[in-house]
There are 2 protein chains.
Amino acid sequence: MYAAAQARQQSVEQAEQLAKAQVSGPHLVATYKAGREIYAEGDLNDKCYQVSTGAVRVYRLLSDGRRQVVSFHLPGEMFGFEAGTDHSFFAEAITDTTLAVFGRRHMQERSRDLLALALAGMARAQQHLLVIGRQCAVERIAAFLVDLCERQGGGRLLRLPMSRQDIADYLGLTIETVSRVMTKLKARSVIALRDARTVDIMRLDALRSLCC
Amino acid sequence: MYAAAQARQQSVEQAEQLAKAQVSGPHLVATYKAGREIYAEGDLNDKCYQVSTGAVRVYRLLSDGRRQVVSFHLPGEMFGFEAGTDHSFFAEAITDTTLAVFGRRHMQERSRDLLALALAGMARAQQHLLVIGRQCAVERIAAFLVDLCERQGGGRLLRLPMSRQDIADYLGLTIETVSRVMTKLKARSVIALRDARTVDIMRLDALRSLCC
DNA sequence: CGCTAATTTGACGCTAGTCAAGCCATGTGG
DNA sequence: CCACATGGCTTGACTAGCGTCAAATTAGCG
(Lines give C-alpha, C1' and ligand atoms only; values in the text may rest on other atoms or scores of the structure.)
Protein backbone atom coordinates (compact mmCIF):
# COMPACT_ATOMS: atom_id res chain seq x y z
CA MET A 1 0.00 0.00 0.00
CA TYR A 2 0.97 3.60 -0.60
CA ALA A 3 1.08 6.03 2.29
CA ALA A 4 -1.99 8.15 2.67
CA ALA A 5 -1.37 11.54 4.21
CA GLN A 6 -2.27 11.73 7.83
CA ALA A 7 -1.98 14.78 10.07
CA ARG A 8 -4.55 16.95 8.33
CA GLN A 9 -6.59 18.17 11.27
CA GLN A 10 -3.92 20.20 13.02
CA SER A 11 -4.31 23.25 10.80
CA VAL A 12 -5.99 25.17 13.58
CA GLU A 13 -3.02 24.99 15.89
CA GLN A 14 -0.76 26.02 13.06
CA ALA A 15 -2.92 28.97 12.17
CA GLU A 16 -2.38 30.13 15.74
CA GLN A 17 1.28 29.44 15.45
CA LEU A 18 1.60 31.54 12.34
CA ALA A 19 -0.64 34.26 13.69
CA LYS A 20 1.61 34.46 16.70
CA ALA A 21 4.52 35.00 14.38
CA GLN A 22 2.63 37.91 12.74
CA VAL A 23 3.67 37.36 9.15
CA SER A 24 4.14 40.63 7.30
CA GLY A 25 7.79 41.71 7.41
CA PRO A 26 10.70 39.52 6.47
CA HIS A 27 12.22 36.65 8.39
CA LEU A 28 9.76 35.53 11.04
CA VAL A 29 10.26 32.21 12.74
CA ALA A 30 7.81 29.31 12.98
CA THR A 31 8.34 25.93 14.58
CA TYR A 32 6.66 22.63 13.76
CA LYS A 33 6.66 19.30 15.56
CA ALA A 34 7.50 16.17 13.56
CA GLY A 35 4.67 15.29 11.16
CA ARG A 36 2.89 18.66 11.33
CA GLU A 37 1.45 20.25 8.24
CA ILE A 38 3.06 23.49 7.03
CA TYR A 39 0.58 24.08 4.25
CA ALA A 40 -1.98 21.99 2.42
CA GLU A 41 -3.31 21.69 -1.11
CA GLY A 42 -5.75 24.56 -1.60
CA ASP A 43 -4.19 26.82 1.05
CA LEU A 44 -3.42 30.38 0.09
CA ASN A 45 0.02 30.63 -1.47
CA ASP A 46 1.44 33.91 -0.19
CA LYS A 47 4.57 33.03 1.75
CA CYS A 48 7.78 31.22 1.28
CA TYR A 49 10.00 29.44 3.72
CA GLN A 50 13.59 28.67 4.52
CA VAL A 51 14.49 25.69 6.68
CA SER A 52 16.57 26.64 9.73
CA THR A 53 16.66 23.26 11.44
CA GLY A 54 14.90 19.98 10.70
CA ALA A 55 13.58 18.76 7.36
CA VAL A 56 10.48 19.17 5.20
CA ARG A 57 8.68 17.02 2.61
CA VAL A 58 6.55 18.46 -0.18
CA TYR A 59 4.15 16.03 -1.82
CA ARG A 60 1.00 15.47 -3.78
CA LEU A 61 -1.70 12.82 -3.42
CA LEU A 62 -3.85 10.85 -5.82
CA SER A 63 -7.45 10.28 -4.82
CA ASP A 64 -6.74 6.65 -3.90
CA GLY A 65 -3.97 7.65 -1.50
CA ARG A 66 -0.93 7.11 -3.68
CA ARG A 67 1.60 9.76 -2.76
CA GLN A 68 4.40 11.40 -4.71
CA VAL A 69 6.97 13.30 -2.69
CA VAL A 70 8.32 15.94 -5.07
CA SER A 71 11.03 17.33 -2.83
CA PHE A 72 12.77 17.22 0.51
CA HIS A 73 14.18 20.41 2.03
CA LEU A 74 17.13 20.52 4.39
CA PRO A 75 18.52 23.38 6.50
CA GLY A 76 19.34 26.42 4.39
CA GLU A 77 16.98 25.48 1.56
CA MET A 78 13.96 27.50 0.41
CA PHE A 79 10.57 26.11 -0.50
CA GLY A 80 6.93 27.06 -0.78
CA PHE A 81 6.83 29.12 -3.97
CA GLU A 82 4.37 27.78 -6.51
CA ALA A 83 2.46 28.96 -9.54
CA GLY A 84 -1.06 30.21 -8.85
CA THR A 85 -2.67 31.81 -5.81
CA ASP A 86 -3.30 28.47 -4.07
CA HIS A 87 -0.97 25.63 -3.18
CA SER A 88 -1.27 22.43 -5.22
CA PHE A 89 0.97 20.55 -2.81
CA PHE A 90 1.22 19.61 0.82
CA ALA A 91 4.23 20.48 2.95
CA GLU A 92 4.97 18.79 6.27
CA ALA A 93 7.73 18.85 8.83
CA ILE A 94 9.51 15.48 8.79
CA THR A 95 11.29 15.97 12.11
CA ASP A 96 10.88 18.85 14.57
CA THR A 97 11.55 21.84 12.38
CA THR A 98 12.07 25.59 12.57
CA LEU A 99 11.47 27.77 9.53
CA ALA A 100 12.09 31.34 8.53
CA VAL A 101 8.88 32.63 6.96
CA PHE A 102 8.82 35.36 4.30
CA GLY A 103 5.61 37.17 3.44
CA ARG A 104 4.21 38.52 0.21
CA ARG A 105 5.90 41.92 0.49
CA HIS A 106 9.30 40.37 0.88
CA MET A 107 8.69 38.14 -2.13
CA GLN A 108 7.72 41.05 -4.34
CA GLU A 109 10.81 42.99 -3.35
CA ARG A 110 12.98 40.04 -4.23
CA SER A 111 11.31 38.77 -7.39
CA ARG A 112 14.73 38.59 -9.03
CA ASP A 113 15.97 36.05 -6.45
CA LEU A 114 12.68 34.27 -6.68
CA LEU A 115 13.23 33.76 -10.41
CA ALA A 116 16.53 32.04 -9.71
CA LEU A 117 14.83 29.87 -7.07
CA ALA A 118 12.02 28.95 -9.44
CA LEU A 119 14.47 28.04 -12.18
CA ALA A 120 16.48 25.96 -9.72
CA GLY A 121 13.28 24.25 -8.58
CA MET A 122 12.38 23.48 -12.18
CA ALA A 123 15.85 22.06 -12.84
CA ARG A 124 15.60 19.92 -9.71
CA ALA A 125 12.20 18.56 -10.71
CA GLN A 126 13.41 17.80 -14.23
CA GLN A 127 16.50 16.02 -12.95
CA HIS A 128 14.18 14.04 -10.68
CA LEU A 129 12.08 13.15 -13.73
CA LEU A 130 15.08 11.55 -15.40
CA VAL A 131 15.81 9.49 -12.30
CA ILE A 132 12.25 8.27 -11.87
CA GLY A 133 11.47 7.86 -15.54
CA ARG A 134 14.60 6.10 -16.73
CA GLN A 135 16.55 4.58 -13.86
CA CYS A 136 16.12 1.27 -12.07
CA ALA A 137 15.68 0.90 -8.30
CA VAL A 138 19.39 0.69 -7.45
CA GLU A 139 20.20 3.70 -9.62
CA ARG A 140 17.40 5.72 -8.01
CA ILE A 141 18.60 5.00 -4.49
CA ALA A 142 22.20 5.71 -5.47
CA ALA A 143 21.19 9.04 -7.02
CA PHE A 144 19.18 9.87 -3.92
CA LEU A 145 22.05 9.13 -1.54
CA VAL A 146 24.58 11.06 -3.62
CA ASP A 147 22.24 14.04 -3.86
CA LEU A 148 21.58 14.06 -0.13
CA CYS A 149 25.26 13.61 0.64
CA GLU A 150 26.15 16.67 -1.45
CA ARG A 151 23.37 18.74 0.07
CA GLN A 152 24.63 17.88 3.55
CA GLY A 153 28.07 19.18 2.66
CA GLY A 154 29.71 16.07 1.24
CA GLY A 155 30.48 14.37 4.54
CA ARG A 156 30.66 10.58 4.43
CA LEU A 157 28.21 10.12 7.29
CA LEU A 158 24.62 10.66 6.23
CA ARG A 159 21.75 11.21 8.60
CA LEU A 160 18.39 10.46 6.94
CA PRO A 161 15.61 12.51 8.52
CA MET A 162 12.95 10.77 6.41
CA SER A 163 11.42 7.31 6.71
CA ARG A 164 11.69 4.50 4.18
CA GLN A 165 8.12 5.33 3.15
CA ASP A 166 9.14 8.92 2.40
CA ILE A 167 12.09 7.74 0.34
CA ALA A 168 9.89 5.23 -1.50
CA ASP A 169 7.30 7.89 -2.31
CA TYR A 170 10.06 10.24 -3.45
CA LEU A 171 11.61 7.67 -5.80
CA GLY A 172 8.44 6.01 -7.11
CA LEU A 173 9.18 2.72 -5.34
CA THR A 174 7.81 0.76 -2.36
CA ILE A 175 9.33 0.59 1.14
CA GLU A 176 10.18 -3.07 0.59
CA THR A 177 12.18 -2.27 -2.53
CA VAL A 178 13.97 0.62 -0.81
CA SER A 179 14.85 -1.67 2.06
CA ARG A 180 16.05 -4.47 -0.21
CA VAL A 181 18.25 -2.10 -2.23
CA MET A 182 19.76 -0.71 0.98
CA THR A 183 20.71 -4.20 2.16
CA LYS A 184 22.09 -5.00 -1.30
CA LEU A 185 24.28 -1.87 -1.20
CA LYS A 186 25.34 -2.84 2.31
CA ALA A 187 26.22 -6.35 1.12
CA ARG A 188 28.41 -4.84 -1.62
CA SER A 189 30.06 -2.57 1.02
CA VAL A 190 29.05 0.53 -0.90
CA ILE A 191 27.35 1.81 2.24
CA ALA A 192 27.14 0.75 5.87
CA LEU A 193 24.12 1.24 8.11
CA ARG A 194 24.77 2.25 11.73
CA ASP A 195 21.02 2.17 12.10
CA ALA A 196 18.21 2.51 9.59
CA ARG A 197 18.48 6.30 9.53
CA THR A 198 22.27 6.65 9.59
CA VAL A 199 24.20 5.78 6.45
CA ASP A 200 27.94 5.56 6.12
CA ILE A 201 29.04 6.16 2.54
CA MET A 202 31.89 3.71 2.16
CA ARG A 203 32.50 4.05 -1.58
CA LEU A 204 31.14 7.31 -2.96
CA ASP A 205 32.72 6.60 -6.36
CA ALA A 206 30.76 3.34 -6.60
CA LEU A 207 27.54 5.20 -5.73
CA ARG A 208 28.28 7.86 -8.32
CA SER A 209 28.96 5.34 -11.05
CA LEU A 210 25.62 3.69 -10.27
CA CYS A 211 23.80 6.94 -11.08
CA CYS A 212 25.16 6.78 -14.68
CA MET B 1 16.35 -0.34 -26.27
CA TYR B 2 15.94 3.30 -25.41
CA ALA B 3 16.29 5.93 -28.09
CA ALA B 4 19.72 7.46 -28.34
CA ALA B 5 19.72 11.02 -29.56
CA GLN B 6 20.64 11.33 -33.18
CA ALA B 7 20.87 14.58 -35.09
CA ARG B 8 23.76 16.08 -33.18
CA GLN B 9 26.03 17.18 -35.99
CA GLN B 10 23.80 19.75 -37.63
CA SER B 11 24.64 22.52 -35.19
CA VAL B 12 26.66 24.31 -37.83
CA GLU B 13 23.73 24.83 -40.15
CA GLN B 14 21.66 26.05 -37.27
CA ALA B 15 24.28 28.51 -36.17
CA GLU B 16 23.98 29.96 -39.67
CA GLN B 17 20.23 29.91 -39.39
CA LEU B 18 20.26 31.83 -36.13
CA ALA B 19 22.94 34.20 -37.34
CA LYS B 20 20.71 34.98 -40.30
CA ALA B 21 17.95 35.90 -37.88
CA GLN B 22 20.35 38.30 -36.11
CA VAL B 23 19.28 37.66 -32.55
CA SER B 24 19.42 40.80 -30.44
CA GLY B 25 16.06 42.52 -30.30
CA PRO B 26 12.75 40.87 -29.50
CA HIS B 27 10.74 38.51 -31.63
CA LEU B 28 12.98 37.21 -34.39
CA VAL B 29 11.94 34.17 -36.34
CA ALA B 30 13.85 30.92 -36.84
CA THR B 31 12.76 27.83 -38.72
CA TYR B 32 13.84 24.24 -38.14
CA LYS B 33 13.29 21.13 -40.22
CA ALA B 34 11.91 18.02 -38.48
CA GLY B 35 14.51 16.47 -36.19
CA ARG B 36 16.85 19.48 -36.08
CA GLU B 37 18.52 20.54 -32.89
CA ILE B 38 17.48 23.90 -31.42
CA TYR B 39 19.99 23.82 -28.60
CA ALA B 40 22.13 21.16 -26.97
CA GLU B 41 23.37 20.35 -23.48
CA GLY B 42 26.25 22.72 -22.76
CA ASP B 43 25.13 25.41 -25.21
CA LEU B 44 24.98 28.96 -23.96
CA ASN B 45 21.62 29.67 -22.36
CA ASP B 46 20.82 33.24 -23.36
CA LYS B 47 17.60 33.07 -25.35
CA CYS B 48 14.11 31.80 -25.00
CA TYR B 49 11.63 30.66 -27.58
CA GLN B 50 7.97 30.59 -28.43
CA VAL B 51 6.60 27.99 -30.82
CA SER B 52 4.74 29.55 -33.76
CA THR B 53 4.08 26.39 -35.75
CA GLY B 54 5.25 22.80 -35.30
CA ALA B 55 6.30 21.09 -32.08
CA VAL B 56 9.41 20.78 -29.90
CA ARG B 57 10.77 18.15 -27.52
CA VAL B 58 13.11 18.96 -24.63
CA TYR B 59 15.04 16.03 -23.21
CA ARG B 60 18.02 14.76 -21.33
CA LEU B 61 20.24 11.72 -21.93
CA LEU B 62 21.99 9.22 -19.72
CA SER B 63 25.45 8.13 -20.81
CA ASP B 64 24.13 4.78 -22.03
CA GLY B 65 21.59 6.42 -24.33
CA ARG B 66 18.49 6.23 -22.17
CA ARG B 67 16.46 9.34 -22.82
CA GLN B 68 13.95 11.26 -20.72
CA VAL B 69 11.78 13.74 -22.56
CA VAL B 70 10.89 16.38 -19.96
CA SER B 71 8.48 18.39 -22.07
CA PHE B 72 6.76 18.87 -25.40
CA HIS B 73 5.94 22.35 -26.64
CA LEU B 74 3.06 23.18 -28.95
CA PRO B 75 2.21 26.40 -30.81
CA GLY B 76 1.93 29.37 -28.45
CA GLU B 77 4.05 27.78 -25.72
CA MET B 78 7.36 29.15 -24.43
CA PHE B 79 10.45 27.12 -23.66
CA GLY B 80 14.21 27.43 -23.33
CA PHE B 81 14.63 29.15 -19.96
CA GLU B 82 16.80 27.18 -17.57
CA ALA B 83 18.87 27.75 -14.47
CA GLY B 84 22.54 28.45 -15.07
CA THR B 85 24.40 30.00 -17.96
CA ASP B 86 24.49 26.78 -19.98
CA HIS B 87 21.72 24.46 -21.08
CA SER B 88 21.44 21.09 -19.32
CA PHE B 89 18.94 19.82 -21.88
CA PHE B 90 18.56 19.26 -25.57
CA ALA B 91 15.77 20.80 -27.59
CA GLU B 92 14.79 19.54 -31.03
CA ALA B 93 12.10 20.30 -33.56
CA ILE B 94 9.76 17.30 -33.79
CA THR B 95 8.12 18.36 -37.04
CA ASP B 96 9.03 21.33 -39.25
CA THR B 97 8.86 24.19 -36.82
CA THR B 98 9.01 27.97 -36.71
CA LEU B 99 9.95 29.75 -33.51
CA ALA B 100 9.95 33.30 -32.22
CA VAL B 101 13.31 33.88 -30.57
CA PHE B 102 13.82 36.32 -27.69
CA GLY B 103 17.30 37.49 -26.74
CA ARG B 104 18.89 38.30 -23.43
CA ARG B 105 17.78 41.93 -23.41
CA HIS B 106 14.16 41.03 -23.90
CA MET B 107 14.35 38.48 -21.09
CA GLN B 108 15.77 41.01 -18.65
CA GLU B 109 13.05 43.51 -19.46
CA ARG B 110 10.42 40.88 -18.80
CA SER B 111 11.80 39.10 -15.77
CA ARG B 112 8.39 39.36 -14.13
CA ASP B 113 6.76 37.30 -16.92
CA LEU B 114 9.71 34.96 -16.83
CA LEU B 115 9.06 34.24 -13.16
CA ALA B 116 5.51 33.17 -13.98
CA LEU B 117 6.83 30.98 -16.78
CA ALA B 118 9.43 29.40 -14.53
CA LEU B 119 6.84 28.69 -11.85
CA ALA B 120 4.52 27.20 -14.46
CA GLY B 121 7.39 25.07 -15.76
CA MET B 122 8.13 23.86 -12.25
CA ALA B 123 4.46 22.99 -11.68
CA ARG B 124 4.36 21.13 -14.96
CA ALA B 125 7.47 19.11 -14.11
CA GLN B 126 6.12 18.28 -10.66
CA GLN B 127 2.77 17.16 -12.05
CA HIS B 128 4.72 15.02 -14.50
CA LEU B 129 6.62 13.52 -11.55
CA LEU B 130 3.38 12.32 -10.01
CA VAL B 131 2.32 10.69 -13.27
CA ILE B 132 5.62 8.93 -13.84
CA GLY B 133 6.28 8.07 -10.22
CA ARG B 134 2.91 6.78 -9.16
CA GLN B 135 0.73 5.89 -12.13
CA CYS B 136 0.59 2.72 -14.19
CA ALA B 137 0.99 2.58 -17.97
CA VAL B 138 -2.70 3.09 -18.82
CA GLU B 139 -2.98 6.00 -16.41
CA ARG B 140 0.12 7.64 -17.84
CA ILE B 141 -1.14 7.44 -21.41
CA ALA B 142 -4.57 8.68 -20.35
CA ALA B 143 -3.02 11.64 -18.53
CA PHE B 144 -0.87 12.37 -21.55
CA LEU B 145 -3.80 12.33 -23.97
CA VAL B 146 -5.98 14.49 -21.72
CA ASP B 147 -3.16 17.00 -21.24
CA LEU B 148 -2.46 17.20 -24.97
CA CYS B 149 -6.16 17.47 -25.73
CA GLU B 150 -6.53 20.44 -23.39
CA ARG B 151 -3.43 22.15 -24.74
CA GLN B 152 -4.78 21.82 -28.27
CA GLY B 153 -7.97 23.62 -27.26
CA GLY B 154 -10.10 20.70 -26.11
CA GLY B 155 -11.17 19.46 -29.55
CA ARG B 156 -11.99 15.78 -29.76
CA LEU B 157 -9.61 15.15 -32.65
CA LEU B 158 -6.00 14.97 -31.56
CA ARG B 159 -3.02 15.22 -33.87
CA LEU B 160 0.13 13.75 -32.30
CA PRO B 161 3.23 15.41 -33.73
CA MET B 162 5.53 13.06 -31.81
CA SER B 163 6.45 9.42 -32.41
CA ARG B 164 5.67 6.50 -30.11
CA GLN B 165 9.32 6.61 -29.03
CA ASP B 166 8.93 10.25 -27.99
CA ILE B 167 5.80 9.42 -26.01
CA ALA B 168 7.51 6.43 -24.40
CA ASP B 169 10.52 8.53 -23.39
CA TYR B 170 8.19 11.21 -22.05
CA LEU B 171 6.20 8.76 -19.92
CA GLY B 172 9.01 6.49 -18.78
CA LEU B 173 7.72 3.53 -20.82
CA THR B 174 8.76 1.62 -23.95
CA ILE B 175 7.28 2.00 -27.43
CA GLU B 176 5.80 -1.47 -27.19
CA THR B 177 3.93 -0.61 -24.00
CA VAL B 178 2.70 2.67 -25.47
CA SER B 179 1.45 0.83 -28.53
CA ARG B 180 -0.23 -1.90 -26.51
CA VAL B 181 -2.00 0.62 -24.28
CA MET B 182 -3.21 2.52 -27.33
CA THR B 183 -4.73 -0.63 -28.80
CA LYS B 184 -6.29 -1.49 -25.44
CA LEU B 185 -7.90 1.96 -25.23
CA LYS B 186 -9.07 1.51 -28.81
CA ALA B 187 -10.55 -1.89 -27.94
CA ARG B 188 -12.49 -0.28 -25.08
CA SER B 189 -13.70 2.46 -27.50
CA VAL B 190 -12.18 5.16 -25.31
CA ILE B 191 -10.26 6.39 -28.33
CA ALA B 192 -10.18 5.64 -32.05
CA LEU B 193 -7.09 5.80 -34.25
CA ARG B 194 -7.52 7.22 -37.75
CA ASP B 195 -3.83 6.52 -38.13
CA ALA B 196 -1.04 6.15 -35.59
CA ARG B 197 -0.66 9.91 -35.23
CA THR B 198 -4.32 10.90 -35.25
CA VAL B 199 -6.42 10.12 -32.20
CA ASP B 200 -10.16 10.52 -31.88
CA ILE B 201 -11.16 10.99 -28.26
CA MET B 202 -14.41 9.05 -28.07
CA ARG B 203 -14.99 9.16 -24.30
CA LEU B 204 -13.08 11.98 -22.67
CA ASP B 205 -14.81 11.26 -19.32
CA ALA B 206 -13.43 7.71 -19.37
CA LEU B 207 -9.94 9.06 -20.10
CA ARG B 208 -10.23 11.58 -17.28
CA SER B 209 -11.36 8.97 -14.77
CA LEU B 210 -8.33 6.86 -15.70
CA CYS B 211 -6.02 9.69 -14.61
CA CYS B 212 -7.45 9.41 -11.04
C1' DC C 1 6.42 0.39 -57.04
C1' DG C 2 9.73 -0.96 -53.84
C1' DC C 3 12.54 0.53 -49.92
C1' DT C 4 12.82 2.07 -45.27
C1' DA C 5 11.17 3.50 -40.95
C1' DA C 6 7.42 3.39 -37.76
C1' DT C 7 4.11 0.82 -35.49
C1' DT C 8 1.86 -3.27 -33.94
C1' DT C 9 1.70 -7.86 -32.14
C1' DG C 10 3.37 -12.08 -29.86
C1' DA C 11 6.16 -14.95 -26.66
C1' DC C 12 8.80 -14.87 -22.78
C1' DG C 13 11.61 -13.10 -18.72
C1' DC C 14 12.74 -10.05 -15.06
C1' DT C 15 12.17 -6.26 -11.98
C1' DA C 16 9.66 -4.45 -8.71
C1' DG C 17 5.06 -4.89 -6.32
C1' DT C 18 2.04 -7.54 -3.05
C1' DC C 19 1.16 -10.03 0.89
C1' DA C 20 2.67 -11.85 5.04
C1' DA C 21 5.68 -12.84 8.73
C1' DG C 22 9.47 -11.68 11.67
C1' DC C 23 12.71 -8.45 13.81
C1' DC C 24 14.18 -4.59 16.49
C1' DA C 25 14.06 -0.46 19.16
C1' DT C 26 11.24 2.24 21.94
C1' DG C 27 7.77 3.22 25.17
C1' DT C 28 4.18 2.02 28.71
C1' DG C 29 1.88 0.07 32.45
C1' DG C 30 1.67 -3.51 35.94
C1' DC D 1 12.20 -4.79 36.09
C1' DC D 2 9.67 -7.24 32.94
C1' DA D 3 5.69 -8.20 29.87
C1' DC D 4 3.75 -6.37 26.23
C1' DA D 5 2.27 -3.25 22.72
C1' DT D 6 3.69 -0.23 18.92
C1' DG D 7 5.73 1.49 14.80
C1' DG D 8 9.37 1.26 11.57
C1' DC D 9 12.25 -1.73 9.11
C1' DT D 10 13.70 -6.11 7.03
C1' DT D 11 13.11 -10.48 4.82
C1' DG D 12 10.80 -14.18 2.24
C1' DA D 13 7.57 -16.25 -1.13
C1' DC D 14 4.92 -15.37 -4.83
C1' DT D 15 2.86 -12.51 -8.68
C1' DA D 16 1.94 -9.10 -12.13
C1' DG D 17 3.11 -5.55 -15.08
C1' DC D 18 6.15 -3.95 -17.98
C1' DG D 19 10.53 -4.70 -20.62
C1' DT D 20 13.08 -7.48 -24.08
C1' DC D 21 13.56 -9.73 -28.25
C1' DA D 22 11.76 -10.98 -32.52
C1' DA D 23 8.65 -11.00 -36.31
C1' DA D 24 4.73 -9.21 -38.89
C1' DT D 25 2.23 -5.31 -40.64
C1' DT D 26 1.55 -0.70 -42.07
C1' DA D 27 2.80 3.85 -43.48
C1' DG D 28 5.62 7.16 -45.65
C1' DC D 29 8.51 8.50 -49.38
C1' DG D 30 11.59 8.76 -53.30
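Every chain is numbered from 1 and lettered A, B, ... according to where its sequence line falls, protein lines coming before strand lines. Everything numeric in this text was worked out from a predicted model, so none of it was measured.
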Contacts of A:L74 meeting side-chain contact (heavy atoms from CB on, under 4.5 Å) (sequence neighbours excluded), chain-then-number -> A:A55, A:E77, A:L148, A:R151, A:Q152, A:P161
For B:T183, what residues pass the side-chain hydrogen bond (donor to acceptor under 3.5 Å, both in side chains) criterion, not counting sequence neighbours?
-> none
Kindly indicate, with the supporting measurements, whether the criterion salt bridge (Lys or Arg N to Asp or Glu O under 4.0 Å) is fulfilled by A:R57 and A:D166.
-> CA-CA 8 Å; A:R57 63 179 162 248; A:D166 288 331; 2.9 Å; yes
Are any of the side-chain nitrogens in B:R134 or A:D169 under 4.0 Å away from the carboxylate oxygens of its partner?
-> yes
D:dG17 P sits how many Å from B:E139 CD, rounded?
-> 12 Å
Starting from P on D:dG8, measure out to CG on A:D166 and report it in whole angstrom.
-> 10 Å
Pair listing, side chain to side chain donor-acceptor pair (under 3.5 Å) test, anchored in residues 122-131 of chain A, at least two apart | A:Q127-B:R60
Under-3.5 Å N/O pairs linking protein and nucleotides 8-13 of chain C:
from   : atom 1 : to     : atom 2 : distance (Å)
C:dT8  : OP1    : B:R164 : NH2    : 3.1
C:dT8  : OP2    : B:R164 : NE     : 2.8
C:dT8  : OP2    : B:S179 : OG     : 2.8
C:dT8  : O5'    : B:S179 : OG     : 3.0
C:dT9  : OP2    : B:T183 : OG1    : 3.4
C:dG10 : N7     : B:R180 : NH1    : 2.9
C:dG10 : O6     : B:R180 : NH2    : 3.4

Please list, chain by chain and in numerical order, all residues satisfying side-chain hydrogen bond (donor to acceptor under 3.5 Å, both in side chains) with A:R197, sequence neighbours excluded.
-> none
Got a sec, which residues hit side-chain contact (heavy atoms from CB on, under 4.5 Å) with A:A118, two or more places apart in sequence or on another chain?
-> B:L115, B:A118, B:L119
Please give, in whole Å, the distance from D:dC18 C1' to A:R134 CZ?
-> 12 Å
Quick one: which residue pairs count as a side chain to side chain donor-acceptor pair (under 3.5 Å) with a foot in residues 200-212 of chain B, not counting sequence neighbours?
-> B:E150-B:R208, B:R194-B:D200
Which atom pairs link the protein and nucleotides 22-27 of chain C when you take only N or O atoms and keep those under 3.5 Å?
none

Nearest listed nucleotide, side chain of B:D195, among D:dC9, D:dG28, D:dG19 | D:dG28
Phosphate OP1/OP2 of C:dT7: any B:R197 side-chain N/O under 4.0 Å = yes
B:A120 meets the side-chain contact (heavy atoms from CB on, under 4.5 Å) criterion, sequence neighbours left out, with none
Rounded off to whole Å, could you give me the CD1-to-C1' distance for the A:I191 and D:dC9 pair?
-> 14 Å
Taking atom P of C:dT7 as reference, at what distance in whole Å does atom CG of B:D169 sit?
-> 12 Å
What pairs with B:E139 under side-chain contact (heavy atoms from CB on, under 4.5 Å), at least two apart in sequence or on another chain?
-> A:R66, B:Q135, B:C136, B:C212
Just how large is the angle between the end axes of the helix from C:dC1-D:dG30 to C:dG30-D:dC1, five pairs per end, to 10 degrees?
-> 30°
Of all pairs that satisfy salt bridge (Lys or Arg N to Asp or Glu O under 4.0 Å), the ones with a partner from residues 152-164 of chain B, not counting sequence neighbours | B:R159-B:D195
Side-chain atoms of A:L173 come closest, of C:dG17, D:dC18, C:dT7, to C:dG17
In whole angstroms, how far is the P atom of D:dC18 from the CD atom of B:Q135?
-> 12 Å
What is the distance from CD1 of A:I141 to C1' of C:dA16, rounded to the nearest Å?
-> 12 Å
